[in-house]
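One structure is given below, encoded as structure tokens.
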Amino acid sequence: MSRRVLVLRPEPGNARTVARLTALGLDAVAVPLFEVVPIAWAVPDPAGFDALLLTSANAVRHAGAGLRTLAALPVVAVGAETARAAEEAGLTVALTGERDAAAAVAQARAAGGGRLLHLSGRDHVATDATAIAVYASMPRPAALPPLDRTIALLHSRRAAEAFAALVPAPDRSLALLVAISPAALAGAGEGWARAEAADAPTDAAMAALALRLARD
């Protein structure tokens, strides 16, 4: 397996993904395209909501003291990593969606949780939940290595868009893409040698797909 795997997500997740890929025998290279920072937000009255929607562990890490005010609300999490971060913060996870935010919202509403408060990033995929941004992903300078025989991991639609902006159209045919979801994959556009979404919105599923592509 000689394919290089680029890990574009911000820290601290970048280091965890690099370690996971390295343990699988892949040549993982950290190229974080963003830095995640907290932003000020006003905590709403928890009585107005049935549950918290969390689509990223970054919301848990950067929500700050305001998260305690909402701790009585059950959590609808997207992905195992987000659910784990919520539980480690003392929140109660009622539902873990295995696809994307829209699917998790639909599951929650089918279970009777109609009023969802989405603690999100400043740039996020819109749902019909009430969204409050608690963090922002700030672009950081990045130099990509040669893309020949390279797999790029796209942990978000914004990462996909940023990566695509860095790669001239003629060079796209050199790289393979692994995305956390079909929505994220769509942000990369066309022209890649191969582009697939993982079968679940988890880092483990992305790593497994990268391993399979590296063996092809």
Side-chain angles (χ1 to χ4, degrees), residues 1-37 55-58 78-79 81-82 98-103 120-126 135-216:
M1 293 179 292
S2 59
R3 291 193 184 274
R4 176 191 299 113
V5 183
L6 304 185
V7 183
L8 309 176
R9 69 189 304 198
E11 296 293 1
N14 195 295
R16 290 197 300 272
T17 299
V18 167
R20 184 190 299 274
L21 295 169
T22 301
L24 293 174
L26 293 167
D27 177 15
V29 180
V31 189
L33 300 183
F34 299 95
E35 178 182 3
V36 179
V37 297
T55 55
S56 170
N58 286 320
V78 176
E81 182 177 348
T82 303
E98 296 302 330
R99 288 175 55 202
D100 54 21
S120 71
R122 189 164 59 194
D123 300 283
H124 63 277
V125 176
Y135 69 91
S137 296
M138 307 302 294
R140 64 190 304 274
L144 299 178
L147 294 181
D148 187 35
R149 300 191 59 78
T150 291
I151 301 171
L153 300 193
L154 310 175
H155 281 79
S156 68
R157 184 182 179 97
R158 193 167 177 222
E161 293 169 346
F163 181 68
L166 290 172
V167 181
D171 293 342
R172 292 189 177 191
S173 63
L174 300 175
L176 288 71
L177 304 183
V178 168
I180 197 167
S181 69
L185 189 62
E190 304 295 333
W192 307 96
R194 191 166 173 179
E196 295 187 29
D199 58 10
T202 66
D203 194 51
M206 294 177 72
L209 178 54
L211 181 62
R212 177 168 64 79
L213 294 182
R215 287 172 168 167
D216 285 352

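Remember, it's a predicted structure, so these values are computed and weren't measured experimentally. Basis for what follows: all heavy atoms, side chains included, without hydrogens, waters or symmetry-related copies.
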Distance check, rounded to the nearest 0.5 Å: Trp192 atom CH2 versus Leu185 atom CG? 10.0 Å
Kindly list each side-chain donor-acceptor pair under 3.5 angstrom involving residues 151-158, sequence neighbours excluded, with atom names and distances?
from: His155; atom 1: NE2; to: Asp203; atom 2: OD1; distance (Å): 2.8
from: Ser156; atom 1: OG; to: Ala159; atom 2: N; distance (Å): 3.0
from: Arg157; atom 1: NE; to: Glu161; atom 2: OE2; distance (Å): 3.2
from: Arg157; atom 1: NH1; to: Ala183; atom 2: O; distance (Å): 3.0
from: Arg158; atom 1: NH1; to: Asp123; atom 2: OD2; distance (Å): 3.4
from: Arg158; atom 1: NH1; to: Ser137; atom 2: O; distance (Å): 2.3
from: Arg158; atom 1: NH2; to: Ser137; atom 2: O; distance (Å): 3.2

What pairs with Thr22 under side chain to side chain contact (heavy atoms under 4.5 Å, CB included), at least two apart in sequence or on another chain? Val18, Ala28
Kindly write out the residues that satisfy side chain to side chain contact (heavy atoms under 4.5 Å, CB included) with Ala205, not counting sequence neighbours, or none if the list is empty. Ala198, Asp199, Ala200, Thr202
Here the side-chain hydrogen bond (donor to acceptor under 3.5 Å, both in side chains) pairs for residues 179-188, sequence neighbours left out, are none
Please identify each residue that fulfils side-chain hydrogen bond (donor to acceptor under 3.5 Å, both in side chains) with Arg122, with sequence neighbours left out. none
Among all residues two or more places apart in sequence or in another chain, which pass the side chain to side chain contact (heavy atoms under 4.5 Å, CB included) test with Pro145? Arg4, Leu6, Val31
Should the pair Glu81-Arg9 be classified as a salt bridge under the 4.0 Å nitrogen-to-oxygen rule? yes
Rounded to the nearest 0.5 Å, what's the gap from CG on Leu144 to CG on Leu33? Could you check? 7.0 Å
Using the test side-chain hydrogen bond (donor to acceptor under 3.5 Å, both in side chains), find all partners of Arg140 that sit at least two apart in sequence or belong to another chain. none
Pairs flagged by ring pair (Phe, Tyr, Trp, His ring centres under 6.0 Å) wherever residues 197-216 is involved - sequence neighbours left out: none
Please name all residues satisfying side chain to side chain contact (heavy atoms under 4.5 Å, CB included) with Glu11, sequence neighbours left out, ordered by chain then number. Asn14, Ala15
Please collect all salt bridge (Lys or Arg N to Asp or Glu O under 4.0 Å) contacts where either partner lies in residues 171-198, sequence neighbours excluded, each pair once. Arg194-Glu196, Arg194-Asp216, Glu196-Arg212
All ring-ring contact (aromatic ring centres under 6.0 Å, His included) counterparts of Tyr135, not counting sequence neighbours: none
Under the criterion side chain to side chain contact (heavy atoms under 4.5 Å, CB included), I'd like the reasoning laid out for Thr150 against Leu174: C-alpha separation, chi angles, the key distance, then a yes or no. CA-CA 7 Å; Thr150 291; Leu174 300 175; over 6 Å; no
Could you tell me which residues satisfy side-chain hydrogen bond (donor to acceptor under 3.5 Å, both in side chains) with Ser120, sequence neighbours excluded, listed by chain and number? His124
